[in-house]
Engineer: 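Following this message is one structure expressed as structure tokens.
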Amino acid sequence: ALPFASQVEAGNVLIVRASWTDTYLDEAGLFPNSDYKDQIDATSRGFSQLTLIQNAEVAAAPMVFNFS
């Protein structure tokens, strides 16, 4: 999850405000010591896959996660 966390800290990740956002951010704030790790594990794996995209235009765009 460290590569994703680095991008969050750099301000390169936007999260859409939704009914699940507070729960997600609570889990993220406690990771890796939280009781539940599934959302952050899935996010970091998805982020890793997205960073494999070779198209510079897509890779350079800010990532917005919208799970609504």
Side-chain angles (χ1 to χ4, degrees):
L2 291 176
F4 180 69
S6 297
Q7 293 303 310
V8 170
E9 290 178 11
N12 295 328
V13 177
L14 304 173
I15 298 176
V16 176
R17 182 61 66 182
S19 60
W20 52 266
T21 307
D22 289 336
T23 303
Y24 178 83
L25 293 175
D26 289 344
E27 184 177 320
L30 295 172
F31 188 85
N33 299 317
S34 60
D35 290 337
Y36 304 101
K37 299 170 179 60
D38 55 336
Q39 294 183 103
I40 306 309
D41 284 341
T43 300
S44 63
R45 288 183 185 137
F47 175 79
S48 294
Q49 290 299 308
L50 289 171
T51 59
L52 296 175
I53 296 172
Q54 297 299 313
N55 183 329
E57 182 178 323
V58 173
M63 294 184 186
V64 176
F65 293 88
N66 184 356
F67 301 102
S68 56

Engineer: Considering residues at least two apart in sequence or located in another chain, which fulfil the side-chain contact (heavy atoms from CB on, under 4.5 Å) criterion with Ala1?
Structural biologist: Phe31, Ile40, Ser44

Engineer: Who passes side-chain hydrogen bond (donor to acceptor under 3.5 Å, both in side chains) against Asn33, sequence neighbours left out?
Structural biologist: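 With neighbours one apart ignored, the set is empty.
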
Engineer: Output yes when a side-chain donor or acceptor of Gln39 lies under 3.5 Å from a complementary backbone atom of Glu27, and no otherwise.
Structural biologist: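 No.
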
Engineer: Provide the full list of salt bridge (charged side-chain N to carboxylate O under 4.0 Å, His left out) pairs with a residue in residues 33-52, sequence neighbours left out, each pair given once.
Structural biologist: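 Residue pairs passing salt bridge (charged side-chain N to carboxylate O under 4.0 Å, His left out), neighbours aside: none found.
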
Engineer: In the single-linkage hydrophobic clustering (I, L, V, M, F, W, Y; side-chain heavy atoms under 4.5 Å), do Val13 and Leu30 co-cluster?
Structural biologist: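 They do not share one cluster, since no chain of ILVMFWY contacts under 4.5 Å joins Val13 to Leu30.
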
Engineer: How would you list, by chain and number, every residue that makes a side-chain contact (heavy atoms from CB on, under 4.5 Å) with Leu25, sequence neighbours excluded?
Structural biologist: Ile15, Thr21

Engineer: Does Asp22 have any salt bridge (charged side-chain N to carboxylate O under 4.0 Å, His left out) partners at least two apart in sequence or in another chain, and if so, which?
Structural biologist: Arg17

Engineer: Using the rule that two of Ile, Leu, Val, Met, Phe, Trp, Tyr join whenever any of their side-chain heavy atoms come within less than 4.5 Å, decide whether Tyr36 and Phe4 are in one cluster.
Structural biologist: no

Engineer: If you compare all heavy atoms of Gln7 against all heavy atoms of Asn12, which two are closest, and at what distance to 0.1 Å?
Structural biologist: OE1-ND2, 2.7 Å

